[in-house]
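Everything numeric here is computed off the predicted structure, so don't read it as measured data.
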Amino acid sequence: DEEQYWECQLCLQSILTIVWQCKSGHILCGDCHVQCKAACPSCGIPLDGIRNRALERLRDRRLARIKARRQRQQQEAMR
């Protein structure tokens with residue numbers, strides 16, 4: 001399932017806002033990033049405030065496709 005790609009390494013929830021990552025690529029949601037400001041909970045590398053904009057764009061495109069598909073299905077069901 002693609003959703004695992006934007007799942008926070010700490011709280012295991014889908015990240016629907018800014019995706020933060022450490023230098024090793026472990027990702028965190030905003031809430032967990034604030035809680036773990038000093039170091040990555042997965043590898044211990046210091047967190048330098050790296051934002052993964054590419055993953056955010058991929059996630060947003062995927063969610064937009066899912067939304068569009070649901071809308072089409074709803075429209076077809078109403079016919």
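The stretch residues 37-62 participates, sequence neighbours left out, in no ring pair (Phe, Tyr, Trp, His ring centres under 6.0 Å) pair at all. Contacts classified as ring pair (Phe, Tyr, Trp, His ring centres under 6.0 Å) and involving residues 55-74 (residues at least two apart or in different chains) are not found. Screening residues 68-78 for side-chain hydrogen bond (donor to acceptor under 3.5 Å, both in side chains), with sequence neighbours left out, gives no hits. Judged as a ring pair (Phe, Tyr, Trp, His ring centres under 6.0 Å), not a single pair has a partner in residues 54-79 (not counting sequence neighbours). Applying the ring pair (Phe, Tyr, Trp, His ring centres under 6.0 Å) rule to pairs touching residues 28-72 yields Trp20-His33, sequence neighbours excluded. Residue pairs satisfying the side-chain hydrogen bond (donor to acceptor under 3.5 Å, both in side chains) criterion with at least one member in residues 38-55, sequence neighbours excluded, are listed as follows: Gln21-Asn52, Lys23-Asp48, Arg51-Glu56. Residue pairs meeting the salt bridge (charged side-chain N to carboxylate O under 4.0 Å, His left out) criterion with at least one partner in residues 38-47, sequence neighbours excluded, do not occur; the list is empty.
In this structure, Trp6 and Ile27 approach most closely via the heavy-atom pair CA-CD1, 3.7 Å. The two residues Arg59 and Leu16 make their nearest non-hydrogen contact at NH1-C, 3.7 Å. The minimum heavy-atom distance between Cys29 and Cys8, with the atom names listed, is N-SG, 3.4 Å.
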Test side-chain contact (heavy atoms from CB on, under 4.5 Å) on Ile15 and Leu55 and set out the steps.
CA-CA 10 Å; Ile15 304 172; Leu55 185 56; over 6 Å; no
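Cluster annotation: Leu10 and Ile45 are assigned to distinct hydrophobic clusters (Ile/Leu/Val/Met/Phe/Trp/Tyr, side-chain heavy-atom contacts under 4.5 Å, transitive).
In this structure, the side chain to side chain contact (heavy atoms under 4.5 Å, CB included) partners of Cys22, at least two apart in sequence or on a different chain, are Ser24, His26, Cys40, Cys43, Leu47.
Side-chain contact between Asp31 and Cys11: absent, with no pair of heavy atoms (C-beta onward) separated by less than 4.5 Å.
Crowding of Asp60 atom CG: a count of heavy atoms from other residues, nucleotides or ligands under 6.0 Å exceeding 12.
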